[in-house]
Amino acid sequence: MQRKNLTEVTEFIFLGFSGFGKHQTTLFVVFLTVYIFTLAGNIIIVTITCVDRHLHTPMYFFLSTLASSETVYTLVIVPRMLSSLVFYNQPISLPGCATQMFFFVTLAINNCFLLTAMGYDRYVAICAPLRYTVIMCKRMCAGLVCGSFGTGLMMATLQVTAMFNLPFCGTVVDHFFCDIHPVMKLSCVDTTINEIINYGVSSFVILVPIGLITISYILIIYSILKIATAEGRKKAFATCASHLTVVIVHYGCASIAYLKPKSESSVEKDLLLSVTYTIITPLLNPVVYSLRNKEVKDALRRAVGRSVS
């Protein structure tokens, strides 16, 4: 009888934002608007980086790669979430849930290490400017991108395989997508091993990049303070400000969401954090990191000028 109960769960239903009642329509409009701006911003970044030869540099290569990753990352989660705000209680199959979780984890980890690669790029540009083109060659850039994606693939395979080897009894996911902790709560058995795996992976993909970025910026600040002119120091700081803004928001939300004790978890807080790192942060990247950048603005003007002429 127990075995029969374990095999009956073939799909999940997201509880999502059902607690917001009539406000779900407002949420749909707000989230759809943000999503459209996010897609547009990231597509503009990828396109303008490809077509404008002035942006064929390591920094913009990493930016366009991050924008591509963010685009797929949001496609995995947001359209289904928007659909659930209009058509309630839409089920997702177990394979569909596993697929969504796999891509979510892969791309989230990939983004973490891409931000680390960008920090390294800024370190080389400021601390070793004369050797920048030699160190940040095409092979190095490709290696950093492949390493980021490969790390995401390995960690996602480990986590998702461990998760979907569990038997499930519950069917209602108290979330708006197949995130690790809400799905794990539906298991019929003790999940201590899975919690250890997930906490270990989360610690690695958050603390290691934060440590590397911190070291990079300690060295960057030390080099900037040695610049003789105030204008030179201001320009050097300006090249790092956008990256630091995205890093603080990205890793701040990730740390709170995945490293906090279970006793501090609540459905409302988890939903708010998830909305931040699945909807708000992907919009923050193109707005803060690129579209306010003078070089990107100049590239857009050149592209518009060519299309008009």
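Numbers for residues simply follow the sequence, beginning at 1.
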Next item on the list: Answer whether the closest heavy-atom distance between the side chains of V275 and F17 falls below 4.5 Å.
Entry: yes
Notebook entry, point to check: So, does D121 use its side chain to make a donor-acceptor pair with the main chain of A117 at under 3.5 Å?
Noted result: no
Margin query: Determine whether a donor-acceptor pair (N or O, by modelled atom type, separation under 3.5 Å) exists between the side chain of N165 and the backbone of T161.
Written below: yes
Check: If we only count heavy atoms from C-beta on, is the N111 to H250 side-chain gap below 4.5 Å?
Finding: yes
Note to self: To the nearest 0.5 Å, what is the distance between CZ on F113 and CE on M118?
What the structure shows: 15.0 Å
Margin query: With heavy-atom distances below 4.5 Å as the criterion, would you say the side chains of L82 and V86 are in contact?
Written below: no
Item checked: Separation of C169 SG from L186 CG (nearest 0.5 Å) -> 9.0 Å
Next item on the list: Could you state whether V208 and I206 fall into the same hydrophobic cluster, counting links through intermediate Ile, Leu, Val, Met, Phe, Trp or Tyr residues with side-chain heavy atoms under 4.5 angstrom apart?
Entry: yes
Next item on the list: Side-chain contact test, heavy atoms from C-beta onward, threshold under 4.5 Å: evaluate it for H243 versus Y217 and give yes or no.
Entry: yes
Note to self: As an exercise, state the distance from CD1 of I221 to CD1 of I126, rounded to the nearest 0.5 Å.
What the structure shows: 9.5 Å
Checklist line | P79 backbone acceptor or donor facing S83 side chain under 3.5 Å | finding: no
Note to self: Between L15 and F176, is the side chain to side chain contact (heavy atoms under 4.5 Å, CB included) condition met? List the steps.
What the structure shows: CA-CA 7 Å; L15 194 59; F176 60 88; over 6 Å; no
Next item on the list: Please report the shortest heavy-atom distance between I180 and M163, naming the atom on each side.
Entry: O-CE, 3.3 Å
Note to self: Over 60° means perpendicular and under 30° means parallel, so tell me whether Y277 and F177 are parallel, tilted or perpendicular.
What the structure shows: perpendicular
Notebook entry, point to check: At their closest point, which heavy atom of V76 faces which heavy atom of Q100, and how far apart are they?
Noted result: O-NE2, 3.1 Å
Notebook entry, point to check: Is a side-chain donor or acceptor of D52 paired with a backbone partner of H54 at a separation under 3.5 angstrom?
Noted result: yes
Checklist line | Flag side-chain contact, heavy atom, 4.5 Å: Y120 against L212 | finding: no
Notebook entry, point to check: With side chains defined as the heavy atoms from C-beta onward, is the minimum distance between V172 and F12 less than 4.5 Å?
Noted result: no
Next item on the list: Would you please name every residue forming a side chain to side chain contact (heavy atoms under 4.5 Å, CB included) with I193, sequence neighbours left out?
Entry: I197
Next item on the list: Determine whether L66 and L144 fall in the same hydrophobic cluster, where Ile, Leu, Val, Met, Phe, Trp and Tyr are linked whenever their side-chain heavy atoms lie under 4.5 Å apart.
Entry: yes
Notebook entry, point to check: When hydrophobic residues are tied together by side-chain contacts of less than 4.5 Å, even through go-betweens, does I218 share a cluster with L115?
Noted result: no
Check: So, does S187 use its side chain to make a donor-acceptor pair with the main chain of P167 at under 3.5 Å?
Finding: yes
Margin query: Could you report the tightest heavy-atom contact between Q24 and S84, atom names first, then the distance?
Written below: OE1-O, 4.3 Å
Note to self: Within the 4.5 Å heavy-atom criterion, are V173 and K185 side-chain neighbours or not?
What the structure shows: no
Check: Which pair of heavy atoms, one from C97 and one from F164, lies closest together, and at what distance?
Finding: SG-CZ, 3.8 Å
Check: Which is it for L75 and Y35 under the side chain to side chain contact (heavy atoms under 4.5 Å, CB included) test, yes or no, and what are the steps along the way?
Finding: CA-CA 9 Å; L75 281 171; Y35 182 53; 2.9 Å; yes
Next item on the list: Search all heavy atoms of I220 against all heavy atoms of R122 and return the closest pair with its distance.
Entry: CD1-C, 3.9 Å
Next item on the list: Give, for atom CG of L27 and atom CG of L32, the distance between the pair rounded to the nearest 0.5 Å.
Entry: 12.0 Å
Next item on the list: Please state whether the rings of Y73 and F104 are parallel, tilted or perpendicular, taking 30° and 60° as the class boundaries.
Entry: parallel
Next item on the list: Take N110 and S148, measure what side chain to side chain donor-acceptor pair (under 3.5 Å) needs, and give me the verdict at the end.
Entry: CA-CA 5 Å; N110 178 50; S148 299; 4.6 Å; no
Notebook entry, point to check: Mind checking whether F37 and I279 sit in one hydrophobic cluster, side chains of I, L, V, M, F, W, Y counted as touching below 4.5 Å?
Noted result: yes
Notebook entry, point to check: Would M184 and E195 count as a side chain to side chain contact (heavy atoms under 4.5 Å, CB included) if you check the C-alpha gap in whole Å, the side-chain angles of each, and the deciding distance to 0.1 Å?
Noted result: CA-CA 9 Å; M184 194 188 302; E195 289 170 7; 3.5 Å; yes
Below 3.5 Å, can you tabulate the donor-acceptor pairs from side chains in residues 149-157 to any protein atom, sequence neighbours excluded?
residue, atom, partner, partner atom, Å
T151, OG1, G147, O, 2.7
T157, OG1, L153, O, 2.7

Check: Is any side-chain heavy atom of I215 closer than 4.5 Å to a side-chain heavy atom of Y123?
Finding: no
Item checked: Under 3.5 Å: donor-acceptor pair, side chain of T191, backbone of N194 -> no
Item checked: Steps toward side chain to side chain contact (heavy atoms under 4.5 Å, CB included) verdict (F168, V183) -> CA-CA 9 Å; F168 297 103; V183 174; 3.8 Å; yes
Next item on the list: Determine the minimum heavy-atom distance between P91 and R80, stating which atoms define it.
Entry: O-NH1, 3.5 Å
Check: SG/C178 to CG/L94 distance, rounded to the nearest 0.5 angstrom?
Finding: 8.5 Å
Check: Are the side chain of T116 and the backbone N or O of C112 linked by a donor-acceptor pair below 3.5 Å?
Finding: yes
Next item on the list: Give a yes or no on whether the backbone of N42 and the side-chain of E70 come within a donor-acceptor separation of less than 3.5 Å.
Entry: no
Check: Just by modelled atom types, is the T49 backbone N or O under 3.5 Å from a matching donor or acceptor in the H56 side chain?
Finding: yes
Checklist line | Gap separating the CE atom of M81 from the CZ atom of F31, nearest 0.5 angstrom | finding: 5.0 Å
Next item on the list: Report yes or no: do L85 and I13 belong to one cluster of Ile/Leu/Val/Met/Phe/Trp/Tyr joined by side chain heavy-atom distances under 4.5 Å?
Entry: no
Notebook entry, point to check: Under 3.5 Å, is there a donor-acceptor pair between the side chain of T47 and the main chain of I44?
Noted result: no
